[in-house]
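The block underneath contains the structure these notes are about, expressed in structure tokens.
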Amino acid sequence: LTAAEACRRAGLNEAPRKIRLAMWQGRPAYYLLPKGGKWRVVMGDDGAVLSTVAPEQAARIAQDWLRSVATPQFIATVETIDQWTLSNSLNLHRPLHRFRFNDAAETELYVSQVTGEVVQKSTRRERFFGWIGVIPHYGEFLFIRQYVGAWRQMMIWLAAFGTALALTGIWAGLKRY
């Protein structure tokens with residue numbers, strides 16, 4: 001199957017923004033990103049179009065990706081964002097199936113319902129350090145981050161306040177000497 005044939009099978013009338021050729025569950029697959037749309041997956045061997053990835057199928061993908069003997073526990077299908085999937089780059093992959101593994105690291109994986117790819121991984125340790133490091137540093141608490149406009153405004157005002165504080169400190173230091 002050529003890339004042009006894959007685009008036709010996916011119902012694209014114009015050239016996609018991106019095309020990737022990769023393996024999907026042991027099969028060659030074209031990943032097509034149309035302008036203004038989400039990823040689409042067309043199998044390179046028989047031209048079948050992947051509609052959506054069910055939680056059961058995503059569980060097998062997560063287990064294979066992690067190379068784990070543990071059975072993944074389905075937590076939820078995340079339609080928008082949660083604390084660990086705030087990145088806008090994941091919007092083209094949403095909704096995401098979230099799984100937890102009963103391994104020593106308490107690993108959590110997110111599998112795209114659109115492409116079947118693992119798009120996020122975190123361990124208990126990474127989540128712990130996220131809560132005491134990057135989340136407070138960038139103000140990425142879910143309760144405010146889900147409102148992008150309010151979060152952006154808060155960050156601008158905090159940056160302005162920090163700059164004013166730093167300039168006040170410089171001025172006081174120079175005045176003293």
Side-chain angles (χ1 to χ4, degrees), residues 1-103 105-127 129-130 133-135 138 140 142 145-146 148-149 151-152:
L1 193 70
T2 66
E5 291 169 332
C7 289
R8 278 194 297 281
R9 295 268 178 119
L12 303 182
N13 297 324
E14 58 183 329
R17 279 193 308 167
K18 291 183 182 179
I19 298 178
R20 289 188 291 131
L21 181 60
M23 297 301 283
W24 192 90
Q25 295 289 285
R27 298 173 63 188
Y30 288 98
Y31 291 81
L32 309 165
L33 182 60
K35 295 174 184 163
K38 291 185 178 190
W39 286 100
R40 297 182 191 177
V41 181
V42 178
M43 298 305 151
D45 52 4
D46 64 1
V49 178
L50 181 68
S51 55
T52 60
V53 177
E56 301 78 25
Q57 193 175 20
R60 287 191 304 277
I61 292 168
Q63 192 172 22
D64 290 347
W65 189 88
L66 199 57
R67 294 185 174 98
S68 174
V69 293
T71 303
Q73 175 193 0
F74 177 72
I75 298 173
T77 298
V78 181
E79 298 287 336
T80 57
I81 63 172
D82 70 2
Q83 188 61 60
W84 310 108
T85 60
L86 294 172
S87 173
N88 288 334
S89 66
L90 294 177
N91 290 343
L92 301 173
H93 292 276
R94 295 186 201 280
L96 307 174
H97 297 302
R98 182 179 176 189
F99 295 93
R100 179 175 294 132
F101 284 82
N102 217 5
D103 58 1
E106 291 185 27
T107 306
E108 289 188 5
L109 291 180
Y110 291 81
V111 178
S112 170
Q113 183 178 315
V114 176
T115 64
E117 296 174 290
V118 174
V119 294
Q120 177 70 303
K121 171 196 163 277
S122 67
T123 63
R124 177 186 62 232
R125 183 175 190 268
E126 292 166 344
R127 292 187 298 275
F129 283 111
V134 73
I135 292 170
Y138 287 111
E140 291 199 338
L142 183 60
R145 186 63 172 89
Q146 62 189 341
V148 177
W151 174 78
R152 185 176 294 127

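Applying the ring pair (Phe, Tyr, Trp, His ring centres under 6.0 Å) criterion to Y30, with sequence neighbours excluded, gives no partner residue.
E108 contributes atom CD, which lies 4.5 Å from atom CD1 of I75 (distance to the nearest 0.5 angstrom). Going from atom CG of L21 over to atom CG of L32 covers 10.0 Å, rounded to the nearest 0.5 Å. Note that CZ of R145 and CZ of R152 are 8.0 Å apart. Values are rounded to the nearest 0.5 Å. For the atom pair K35 NZ and N13 CG, the distance stands at 11.5 Å (nearest 0.5 Å). With rounding to the nearest 0.5 angstrom, the CD atom of E106 is 8.0 Å from the CG atom of D103. One finds the CH2 atom of W84 at 14.0 Å from the CG atom of L90 (value rounded to the nearest 0.5 Å).
Looking at every heavy atom in both residues, P55 comes nearest to H97 through CG-CE1, 3.7 Å. Heavy atoms only, all atoms of each residue included: G116 and I61 are closest at O-CG2, 3.3 Å. Of all heavy-atom pairs between L109 and A62, the closest is CD1-O, 3.6 Å. Minimum interatomic distance between A59 and P72 (heavy atoms only, all atoms of both residues): O-CG, 3.4 Å.
Looking at heavy atoms from C-beta onward, Q83 lies in side-chain contact with L86 at the 4.5 angstrom threshold. Within the 4.5 Å cutoff, no side-chain heavy atoms of V114 are placed close to those of L92. At a threshold of 4.5 Å between non-hydrogen side-chain atoms, the residues D82 and Y110 count as touching. Counting heavy atoms from C-beta on, the side chains of T80 and Q146 never come closer than 4.5 Å. V53 has its side chain within reach of W24: a pair of non-hydrogen atoms, C-beta onward, lies under 4.5 Å apart. Residues L50 and Y31 are not in side-chain contact: their nearest non-hydrogen atoms beyond the backbone lie 4.5 Å or more apart. Side-chain contact between V111 and Q57 is absent, with no heavy atoms from C-beta onward closer than 4.5 Å.
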Under 3.5 Å, sequence neighbours excluded: what are the donor-acceptor pairs made by side chains of residues 37-48?
from, atom 1, to, atom 2, distance (Å)
K38, NZ, R94, O, 2.6
R40, NH1, A10, O, 2.7
D45, OD1, R27, NH2, 2.9
D45, OD2, R27, NE, 3.1
D46, OD1, R27, NH2, 2.9
D46, OD1, A48, N, 3.0
D46, OD2, R27, NH2, 3.1

_Verdict with reasoning, E140 to W151, per side chain to side chain contact (heavy atoms under 4.5 Å, CB included)_ = CA-CA 8 Å; E140 291 199 338; W151 174 78; 4.2 Å; yes
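In N102, the CG atom is not crowded: 12 or fewer heavy atoms of neighbouring residues, nucleotides or ligands sit closer than 6.0 Å.
In this structure, the side chain of R127 engages the main chain of S122 through a donor-acceptor pair within 3.5 Å.
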